[in-house]
Chemist: 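I have a structure I would like to understand better, so I am pasting it below and will then ask my questions one at a time.
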There are 2 protein chains.
Amino acid sequence: MTVTTVHQPTHREALWELEAAFDRGDLITVFGHCTVEYDGRAASSLGLGRRLLLLKPDGTALVHTDEQQQPVNWQPPGSEHHAAVRDGRLRVRSVRSSPDETLDVRFETVEQLSAMAVSGRRDLSVTGSEADLRNALLDQPDAIEAGFEPLATERPTDVGPIDLFGRDSEGRPVVVELKRRRVGPSAASQLQRYVEAIRREEGDDADVRGLLIAPSVTDRARRLLAEAGLEFAAVEPPSSDSDAGDADAADATDANDDSVAAAGDDASGPSAAEPANDE
Amino acid sequence: MTVTTVHQPTHREALWELEAAFDRGDLITVFGHCTVEYDGRAASSLGLGRRLLLLKPDGTALVHTDEQQQPVNWQPPGSEHHAAVRDGRLRVRSVRSSPDETLDVRFETVEQLSAMAVSGRRDLSVTGSEADLRNALLDQPDAIEAGFEPLATERPTDVGPIDLFGRDSEGRPVVVELKRRRVGPSAASQLQRYVEAIRREEGDDADVRGLLIAPSVTDRARRLLAEAGLEFAAVEPPSSDSDAGDADAADATDANDDSVAAAGDDASGPSAAEPANDE
DNA sequence: AGATCGATCTCGACA
DNA sequence: TGTCGAGGTCGATCT
């Protein structure tokens, strides 16, 4: 059996199951009426409400509500989970040091506690990252500009590493900053930093070009680039279906599924059941 | 009943429960053997494994493994969840547009499906943010430097808003950039951008000071500041227990808990009970 | 440990 | 909707 669940356990029972799940190294979910307190790099407090607590064997703790992608409270991997019954309530505390941080979840009632044995790969390789864009450009330097010759990637300077460093057809050094999506002022500043670092290296009179490569730039970024004498070249990120041979792209036709259920953004509830937030 | 759970359901049964949970606006967890495919801003593929899928009524989808704080795959709020049985497997697909993105979770087996009615506040106010630091400094401008006079916060420039703008005791304009933690080169560049924007506004010969306020700076950042003629002042962020009156700090004495369980980082073996000191 | 930067960043605020 | 910057950012890589 790869999942153990108890419904509306007593706090004692919940604690018992938690202990067992900790020992097994399970992924744990606890759903119930609880308060949440955090103190560490910042501090926060959350009153009573029904929420979902996720405890991972690597020390991660996540408190999720019914909204948002990000947990309302959390503790990073490497923390230590502790559970105890106190004042008639189940308390789960997740602690770490450097920095000292504590997450405290106090359950008034536990509706359900589940422990699951996770398996399979958890590291996934994503295509379409900035590194992929860089590799694509290394294969096709002319996509940057005719005659561009790449010399180094992640070339170190004393203000950080340069994404791509090379020379143009006339032998001038070119600092290239890559971004996989539309960029704002910060990317322009970043490029400027690197160009000035190279100028200092090569001698203040050196003719060093700075080239920002991205799908597009904002107006402000364009202005900043112009003022600093930097250039911009529009390059689309490698699309997932055009060249990256993604298998599985075949079954796009699913109009005739056996059965279908749908839900999402606009609470398209049948009987107009409203959020029912009981605070 | 605020939670509905089915164990090892058939795909049909799972689909039925999903539909009902969608309609109720529940928070849903699905644990089972599945593959995960994502295609959108980037693309990824994940082979068979036992993982936990979280579906929120706001359109969020999260796939969690037993490691890491971040989900291995996800879909942001505003997506639409669709479920179907196809090829004898339960498929949950979460789709959004602008940008077009699809997350596909195909379950070979569903170990457990739960639907929970969440309630209570989900917005929490954090103390210790940059805004808190700013307000503390507005109350005590001398903590910045003697005679500093704040004039505006979030003062707009054509390269972005300045955290805090004011004048020093000699009437010179001062651009202040606040950071709640140790800063690197990017913050120095950011401040430099703002200072140069004010210099352009005031006339190129204007005597404008730039002041970075943070707990500390890295070496490179310090060098960048020096080269750009910018200043740094060390200010600790308002600590959570010194002034922010965090209630609940009273029950620090809990050495005699009824019962205790512990787990965390270093998969501490089953027997050999852990130190069990919480706090 | 600290430093630096990318990220399917996410999120909120504001124009 | 786009732009911009903060974040308890997280996570990876390198020193």
Side-chain angles (χ1 to χ4, degrees), chain A residues 38-44 60 67-79 96 98-103 123-124 126-134 154 156-163 177-187 190 193-194 216-221 237 240, chain B residues 38-44 60-61 67-79 96 98-103 123-124 126-134 154 156-157 159-163 177-187 190 193-194 216-221 237 240:
Chain A
Y38 157 75
D39 194 13
R41 287 170 290 177
S44 72
T60 302
E67 285 184 346
Q68 299 281 72
Q69 174 172 339
Q70 297 304 133
V72 66
N73 271 124
W74 69 91
Q75 200 68 297
S79 308
R96 74 157 172 167
S98 69
D100 278 337
E101 289 188 300
T102 303
L103 179 69
D123 60 318
L124 113 167
V126 178
T127 67
S129 66
E130 184 184 296
D132 289 324
L133 174 58
R134 166 165 54 74
E154 303 298 319
T157 73
D158 57 6
V159 293
I162 293 174
D163 281 346
E177 175 64 29
L178 300 173
K179 294 293 175 192
R180 64 181 305 283
R181 56 175 208 172
R182 183 173 175 85
V183 297
S186 62
Q190 193 182 358
R193 275 206 329 264
Y194 296 154
S216 58
V217 288
T218 65
D219 282 351
R220 277 181 182 168
S240 49
Chain B
Y38 157 73
D39 195 12
R41 288 169 289 177
S44 72
T60 302
E67 286 184 346
Q68 299 281 71
Q69 174 171 343
Q70 299 303 135
V72 65
N73 272 122
W74 70 91
Q75 198 70 297
S79 308
R96 74 157 173 167
S98 72
D100 278 337
E101 289 188 301
T102 303
L103 179 70
D123 61 317
L124 109 171
V126 177
T127 68
S129 66
E130 185 184 293
D132 290 324
L133 174 58
R134 166 163 55 74
E154 303 299 318
T157 72
V159 295
I162 293 174
D163 281 345
E177 174 65 28
L178 299 174
K179 295 294 174 191
R180 63 183 302 283
R181 54 174 213 171
R182 185 173 173 84
V183 298
S186 64
Q190 194 182 354
R193 269 201 337 259
Y194 296 154
S216 57
V217 289
T218 66
D219 282 350
R220 278 179 178 170
S240 50

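Both backbone and side-chain heavy atoms feed into the values below; hydrogens, waters and symmetry mates do not. First the proteins, then the strands, lettered A, B, ... as listed; each starts at 1.
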Chemist: Is any side-chain nitrogen or oxygen of Gln190(A) closer than 4.0 Å to OP1 or OP2 of dG6(C)?
Modeler: yes

Chemist: Base, sugar-phosphate, or nothing: which does Glu67(A) touch, judged by heavy atoms less than 4.0 Å apart?
Modeler: nothing

Chemist: What is the distance from CD of Gln69(B) to C1' of dA12(D), rounded to the nearest Å?
Modeler: 15 Å

Chemist: With rounding to the nearest 0.5 Å, note down the distance linking CG in Leu178(B) to OG in Ser129(B).
Modeler: 11.0 Å

Chemist: OP1, OP2 of dT4(C) versus side-chain N and O of Arg220(B): anything below 4.0 Å?
Modeler: yes

Chemist: 5'-most contact on DNA chain C: Val126(A) or Asp158(A), nearest heavy atom basis?
Modeler: Asp158(A)

Chemist: Roughly how many Å apart are dC14(D) and dT8(C), using the C1' atom of each and rounding to a whole number?
Modeler: 25 Å

Chemist: Is it true that Glu101(B) and Arg96(B) have a side-chain N and a carboxylate O under 4.0 angstrom from each other?
Modeler: yes

Chemist: Both Lys179(B) and Arg182(A) contact DNA chain D. Which one's nearest nucleotide lies toward the 5' end?
Modeler: Arg182(A)

Chemist: How many whole angstroms separate atom CD of Glu177(A) from atom C1' of dG6(C)?
Modeler: 10 Å

Chemist: Taking side chain as C-beta onward, heavy atoms only, is Gln68(A) less than 4.5 Å from Thr60(B)?
Modeler: no

Chemist: Please tell me if Tyr194(B) has a side-chain N or O lying less than 4.0 Å from either OP1 or OP2 of dC4(D).
Modeler: no

Chemist: May I ask you to say what Pro99(A) touches in the nucleic acid, namely base, sugar-phosphate or nothing, with a heavy-atom cut-off under 4.0 Å?
Modeler: nothing

Chemist: Arg181(A) has a side chain; which of dA12(D), dT10(C), dG5(D) sits nearest to it?
Modeler: dT10(C)

Chemist: Which nucleotide in the list dT9(D), dG11(D), dG8(D) gets nearest to the side chain of Pro76(A)?
Modeler: dG8(D)

Chemist: Tell me the partner of dC9(C), counting only Watson-Crick (N1-N3 plus N6-O4 or O6-N4) or G-U wobble (N1-O2 and O6-N3) with both under 3.5 Å; none if nothing fits.
Modeler: dG7(D)

Chemist: How long is the line joining CD1 of Ile162(B) and C1' of dG5(D), in whole Å?
Modeler: 14 Å

Chemist: Asp100(A) has an atom CG; how far is it from atom C1' of dA1(C), in whole Å?
Modeler: 15 Å

Chemist: Answer yes or no: is there a side-chain heavy-atom contact under 4.5 Å between Arg220(B) and Arg193(A)?
Modeler: no

Chemist: To the nearest Å, give me how far apart CZ (Arg96(A)) and P (dG8(D)) are.
Modeler: 13 Å

Chemist: Determine whether a donor-acceptor pair (N or O, by modelled atom type, separation under 3.5 Å) exists between the side chain of Arg180(B) and the backbone of Asp132(B).
Modeler: no

Chemist: Calculate the interatomic distance between Arg134(A) atom CZ and dA12(D) atom C1'; express it in whole Å.
Modeler: 13 Å

Chemist: Using whole Å, report how far CG of Asn73(B) lies from P of dT8(C).
Modeler: 10 Å

Chemist: What interatomic distance, in whole Å, is found between C1' of dC10(D) and the corresponding atom of dA6(D)?
Modeler: 14 Å

Chemist: So if I take every side-chain heavy atom of Pro161(B) and compare against dA6(D), dC4(D), dC5(C), which nucleotide ends up nearest?
Modeler: dC4(D)

Chemist: Scan Glu130(B) against the nucleic acid and name what it touches under 4.0 Å (heavy atoms): base, sugar-phosphate only, or nothing.
Modeler: sugar-phosphate

Chemist: Mind calculating the distance between CG (Asp132(B)) and P (dA6(D)) to the nearest angstrom?
Modeler: 15 Å

Chemist: Verify the contact: side-chain N or O of Gln68(B) to OP1 or OP2 of dA12(D), cut-off strictly under 4.0 Å; return yes or no.
Modeler: yes

Chemist: Please figure out whether Val159(B) or Arg180(B) has its closest DNA chain D nucleotide nearer the 5' end.
Modeler: Val159(B)

Chemist: Think Arg41(B) has a side-chain N or O under 4.0 angstrom from the OP1 or OP2 of dC9(C)?
Modeler: yes

Chemist: OP1 or OP2 of dG5(D) less than 4.0 angstrom from a side-chain nitrogen or oxygen of Arg193(B), does that happen here?
Modeler: yes

Chemist: Would you classify Asp219(A) as touching base, sugar-phosphate or nothing, given that sugar-phosphate means primed atoms plus P, OP1 and OP2, and contacts are heavy atoms under 4.0 Å?
Modeler: nothing

Chemist: With a 4.0 Å cutoff (strictly under), does any side-chain N or O of Trp74(B) reach OP1 or OP2 of dC9(C)?
Modeler: no

Chemist: Within a strict 4.5 Å, meaning less than it, do heavy atoms of the Asp163(B) and Glu154(B) side chains meet?
Modeler: yes

Chemist: Which nucleotide, dC4(D), dG8(D), dT8(C), lies nearest any side-chain atom of Thr218(A)?
Modeler: dC4(D)

Chemist: Does any N or O donor sit under 3.5 Å from an N or O acceptor when you compare the side chain of Gln70(B) with the base of dG11(D)?
Modeler: no

Chemist: Quick one: label Ser129(B) by what it contacts on the DNA or RNA (base, sugar-phosphate, nothing), any heavy atom closer than 4.0 Å.
Modeler: sugar-phosphate

Chemist: May I ask you to check whether over 12 heavy atoms, not counting those of Asp158(A), lie within 6.0 Å of atom CG?
Modeler: yes

